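Structure first, then comments.
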2 protein chains.
Amino acid sequence: MHTVDDLSKVLKVLADPTRLTMLKQMQGGEQCACSFVDCFDISQPAISRHLKMMRQAGLLLERRDKQWIHYRLNETSPFYTIVVDLLDNIETVDASCDCETDCAI
Amino acid sequence: MHTVDDLSKVLKVLADPTRLTMLKQMQGGEQCACSFVDCFDISQPAISRHLKMMRQAGLLLERRDKQWIHYRLNETSPFYTIVVDLLDNIETVDASCDCETDCAI
DNA sequence: AGGTTATATAACGGATTTGTTATACAGAGA
DNA sequence: TCTCTGTATAACAAATCCGTTATATAACCT
């Protein structure tokens with residue numbers, strides 16, 4: 001159970017098509033930051049800031065491997081089930097964004 | 001099933017503490033606009049615009065009775081279940097906002 | 001008709017969002 | 001060490017959000 005303020009803050013983070021798409025992709029498993037950069041038509045700093053926002057909201061966990069950083073859904077977030085339930089309402093995202101680096105994903 | 005764009009637009013409407021609280025109150029039944037005016041510490045025009053935003057998103061239906069307008073959740077909205085599921089995650093809102101008019105609610 | 005009440009709209013201001021470009025930092029490898 | 005790649009931060013601009021006050025509209029009631 002959450003407060004109105006807490007929930008609205010999380011919803012603000014979720015209320016963006018780029019971030020929703022990122023989350024949907026992470027629902028399919030860990031994603032390298034570089035794959036988002038390849039996937040979306042926005043700059044790398046913009047991607048980085050979207051990720052930071054979701055991380056700060058506690059929705060993501062990161063794992064560094066060499067120079068690559070892999071992000072995944074934080075299953076221990078108090079909002080995890082809410083996020084997943086929302087993502088389940090989204091039609092499958094076109095995953096035509098193959099990462100072009102050696103990030104091992 | 002929804003598109004990322006459609007869902008993010010609705011989430012943007014939901015991602016506000018005032019609107020979330022209004023929706024939570026409407027979950028308990030139809031609410032007169034005047035009760036929101038009495039309940040929140042913001043101006044009547046601000047209330048009116050919050051209601052318009054939710055109406056335009058298809059989340060609300062209205063019923064006019066004399067000079068009062070009563071709002072309720074639109075159960076036929078494609079996002080109705082999503083909204084209700086989210087509201088169910090909110091701790092009960094303090095309903096200390098009795099309407100001081102004769103709006104018959 | 002004229003006044004009162006409930007609601008909506010218009011115009012504006014400050015804060016926030018979301019993108020950009022430029023730059024800094026971190027790790028890998030010759 | 002120098003360079004390259006991946007990621008983060010800083011500074012800025014355009015757009016949007018959310019409040020305000022002033023005003024318009026709609027319905028009710030003498």
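This structure is a prediction, so every number in the text was calculated from the model and none was measured. Each chain gets a letter, A, B and so on, in the order its sequence line appears, and its residues count up from 1.
- For DNA chain C, none of the residues of residues 3-10 of chain A falls under the heavy-atom distance limit of 4.0 Å.
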Which atom pairs link the protein and nucleotides 13-18 of chain D when you take only N or O atoms and keep those under 3.5 Å?
from   : atom 1 : to      : atom 2 : distance (Å)
D:dC18 : OP1    : B:Asp16 : OD1    : 3.2
D:dC18 : OP2    : B:Arg19 : NH1    : 3.1
D:dC18 : OP2    : B:Arg19 : NH2    : 3.2

Reading nucleotides 22-30 of chain D from 5' to 3' and marking B where a protein heavy atom lies under 4.0 Å of the base, S where only the sugar-phosphate is that close, and - otherwise, the string is B----SS--

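- Remark: B:Thr3 pairs with B:Asp6 by the side chain to side chain donor-acceptor pair (under 3.5 Å) rule, at least two apart or across chains.
- Applying the salt bridge (Lys or Arg N to Asp or Glu O under 4.0 Å) criterion to A:Arg49, with sequence neighbours excluded, gives no partner residue.
- Between the side chain of B:Arg64 and the main chain of B:Lys66, a donor-acceptor pair closer than 3.5 Å is present.
- Listed by chain and residue number, B:Asp88 satisfy the side chain to side chain donor-acceptor pair (under 3.5 Å) test with B:Gln27 (two or more places apart in sequence, or in another chain).
- Within the 3.5 Å criterion, the main-chain N or O of A:Met54 finds no donor-acceptor partner in the side chain of A:Arg19.
- Residue contacts for A:Ala46: at a heavy-atom cut-off of 4.0 Å it reaches a base atom on one of the strands shown.
- Residues meeting the side chain to side chain contact (heavy atoms under 4.5 Å, CB included) test with B:Pro78, sequence neighbours left out: B:His2.
- In this view, A:Gln44 satisfies the side chain to side chain donor-acceptor pair (under 3.5 Å) rule with no residue, not counting sequence neighbours.
- Note: CH2 (A:Trp68) to P (D:dC4) measures 16 Å, nearest angstrom.
- The nearest whole Å value for the distance from the NZ atom in A:Lys52 to the C1' atom in C:dT18 is 15 Å.
- Judged by distance alone, with hydrogens and angles left aside, the side-chain atoms of A:Thr21 form a donor-acceptor pair with the main-chain N or O of A:Pro17 at under 3.5 Å.
- Shown here are the side chain to side chain contact (heavy atoms under 4.5 Å, CB included) partners of A:Pro45, two or more places apart in sequence or in another chain: A:Ser43.
- Nucleic acid contact class of A:Phe36 (heavy atoms, under 4.0 Å, all strands): none.
- Taking atom CG of residue B:Leu11 and atom C1' of nucleotide C:dT17, one finds them 16 Å apart after rounding to whole Å.
- Here side-chain hydrogen bond (donor to acceptor under 3.5 Å, both in side chains) pairs that include residues 74-84 of chain B, with residues two or more places apart or in two chains, are B:Asn74-B:Thr76.
- Side-chain N/O atoms of A:Ser43 include one lying less than 4.0 angstrom from OP1 or OP2 on C:dT20.
- Remark: B:Glu62 pairs with B:Arg55 by the salt bridge (Lys or Arg N to Asp or Glu O under 4.0 Å) rule, at least two apart or across chains.
- Distance A:Leu51 CG to D:dT7 C1': 10 Å, rounded to the nearest Å.
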